[in-house]
Undergrad: 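I have a structure I would like to understand better, so I am pasting it below and will then ask my questions one at a time.
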Amino acid sequence: MVEDVAETARTTSIALDAVDWPGHLAGQHVDVRLTAEDGYQAQRSYSIASAPEDEHLVITVQRLDDGEVSPYLTETLVPGDELELRGPIGGYFVWREALGGPLLLVAGGAGVVPLRAILRHHRAVASEIPVRLLYSARTGADLIYRAELDGHDTIITLTDEQPPEWDGRTGRIDSAFLAETAWPAAERPLVYICGPTGFVEAIADALVTLGHDPSRIRTERFGPT
Amino acid sequence: MIALDGNAIAGDLIEVFGVDLTAATCMCASCGTSGFFAEAVVYMRGPGRVARCRACGELLFVLVTIRNITCVDLRGVVGLQPST
């Protein structure tokens with residue numbers, strides 16, 4: 001581990017100097033395995049937050065209070081410590097420029113992590129493919145990468161609580177929200193949705209109802225395991 | 001229990017098959033629907049990780065890891081098409 005950066009009260013980005021790392025594609029994840037002194041092992045998957053072009057491999061970890069792995073990664077791990085990684089993993093929820101667009105990224109909470117890798121990759125290769133991020137978070141304090149996302153075509157909605165000065169959107173991303181903010185179905189956008197299971201399924205269903213081709217929609221669900 | 005999807009077991013599948021299968025399509029033995037492995041409905045808790053067909057809900061396959069050996073029972077998969 002090279003560096004840790006607190007993104008929000010509950011999420012931390014961890015930069016790693018991965019030994020023998022073969023390189024990754026934007027959108028992939030990595031499995032982290034911890035082994036206790038008595039041999040007990042726990043393993044979890046984390047999305048890669050960095051672009052393939054970035055200097056370090058970065059994962060952004062959300063701390064679950066009753067978790068086995070995330071409290072260690074976010075609170076105990078310090079620079080210089082070593083982690084056992086398996087990866088990169090995944091060939092489905094990935095984007096490279098040859099896949100085209102226009103690109104619609106839809107994030108629920110920490111689901112923004114692999115989509116940030118896609119945005120960073122898109123920028124690193126100076127892609128001219130239009131890309132837009134729809135990002136739903138509970139409160140302003142839950143927004144990850146906020147400063148970085150400001151420079152992109154990003155539409156943020158805060159569902160539960162908004163800061164007093166908030167002039168952005170509120171409420172969940174639903175059919176009406178998508179009809180207004182997503183690329184129209186006729187433009188055949190390539191869609192990546194990442195978030196908790198209920199979020200992903202609601203958005204995917206709403207997009208299909210709006211006429212989007214299901215084969216152009218890629219999904220990744222996460223949750224405590 | 002909240003289901004995830006095939007992305008969540010991609011690492012275990014690589015360990016068994018040696019290649020990434022999330023972008024491969026598999027056909028359900030029960031209803032004949034073909035879908036990406038990544039789109040399977042996957043339950044992570046319990047003695048094994050269980051993957052079900054997103055179209056009909058029937059069992060596709062089960063992964064069980066005991067003493068670091070992962071066994072895969074593909075009884076609900078009749079066709080497997082690698083990604084192109």
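Predicted, not measured: the structure shown is a model, and the values here were computed from it. Throughout, a chain's letter reflects where its sequence line sits, starting with A, and its residues are numbered from 1.
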Undergrad: Does anything in residues 26-37 of chain A reach chain B? List residues with heavy atoms under 4.5 Å apart, or say none.
TA: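 Against chain B, the residues of residues 26-37 of chain A that fall inside the cut-off (heavy atoms, under 4.5 Å) are A:His29, A:Asp31, A:Arg33.
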
Undergrad: CD/A:Gln43 to CG/B:Asp12 distance, rounded to the nearest 0.5 angstrom?
TA: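 Nearest 0.5 Å value for the CD-CG distance: 6.0 Å.
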
Undergrad: In this structure, are over 12 heavy atoms from other groups packed under 6.0 Å from B:Ile2 atom CD1?
TA: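 For B:Ile2, atom CD1 is not crowded (no more than 12 foreign heavy atoms under 6.0 Å).
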
Undergrad: For residues 195-206 of chain A, give me every residue with a non-hydrogen atom less than 4.5 Å from any non-hydrogen atom of chain B.
TA: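 At a heavy-atom separation under 4.5 Å, chain B is reached by A:Thr197, A:Glu201.
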
Undergrad: Can you say whether B:Ala3 sits under 4.5 Å from chain A via the side chain, the backbone, both, or neither, judging by heavy atoms?
TA: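 Contact with chain A involves the backbone of B:Ala3 alone.
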
Undergrad: Please state whether the side chain, the backbone, both or neither of B:Arg54 comes within less than 4.5 Å of a heavy atom of chain A.
TA: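 Contact with chain A involves the side chain of B:Arg54 alone.
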
Undergrad: Would you check, one step at a time, whether the test side-chain contact (heavy atoms from CB on, under 4.5 Å) holds for A:Arg218 with B:Phe36?
TA: CA-CA 10 Å; A:Arg218 300 181 187 211; B:Phe36 289 110; over 6 Å; no

Undergrad: List the atom of B:Ala8, the atom of A:Ser45, and the distance in Å for their closest heavy-atom pair.
TA: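 Reported closest heavy-atom pair: O-OG, 4.1 Å.
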
Undergrad: State whether the number of non-hydrogen atoms from other residues, nucleotides or ligands found under 6.0 Å of A:Asp38 atom CG is greater than 12.
TA: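 Correct, the count exceeds 12.
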
Undergrad: Can you confirm whether A:Arg138 is buried at CZ, in the sense that more than 12 heavy atoms of other residues, nucleotides or ligands lie under 6.0 Å from that atom?
TA: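 Result for CZ/A:Arg138: open.
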
Undergrad: Applying a heavy-atom distance below 4.5 Å, give me the residues of residues 107-125 of chain A that approach chain B, sorted by number.
TA: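 The residues closer than 4.5 Å to chain B amount to none at all.
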
Undergrad: Once rounded to the nearest 0.5 Å, what's the spacing between atom CG of B:Leu4 and atom CZ of A:Arg221?
TA: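 So the CG of B:Leu4 and the CZ of A:Arg221 are separated by 9.0 Å.
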
Undergrad: Which atom names give the shortest non-hydrogen contact between A:Tyr92 and B:Asn7, and what distance separates them?
TA: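 Distance-wise, the nearest heavy atoms are CD2-OD1, 3.8 Å.
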
Undergrad: Report, as yes or no, whether the 6.0 Å neighbourhood of atom CZ on A:Arg96 holds more than 12 heavy atoms from other residues, nucleotides or ligands.
TA: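 12 or below, so no.
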
Undergrad: Could you have a look at B:Val19, B:Val42, B:Asp20 and say which one has the most heavy-atom pairs with chain A under 4.5 angstrom?
TA: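 Option with the top pair count is B:Asp20.
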
Undergrad: So which heavy atom on B:Glu39 is nearest to which on A:Thr219, and how close?
TA: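 Heavy-atom minimum between the residues: OE2-OG1, 2.9 Å.
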
Undergrad: For residues 52-79 of chain B, which residue pairs pass the ring-ring contact (aromatic ring centres under 6.0 Å, His included) check, not counting sequence neighbours?
TA: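 Every ring-ring contact (aromatic ring centres under 6.0 Å, His included) pair that includes a residue of residues 52-79 of chain B, provided the two are not neighbours, is B:Phe37-B:Phe61.
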
Undergrad: Taking only Lys NZ, Arg NE, NH1 and NH2, and the carboxylate oxygens of Asp or Glu, determine whether A:Arg86 and B:Glu15 approach each other closer than 4.0 Å.
TA: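 B:Glu15 and A:Arg86: salt-bridged.
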
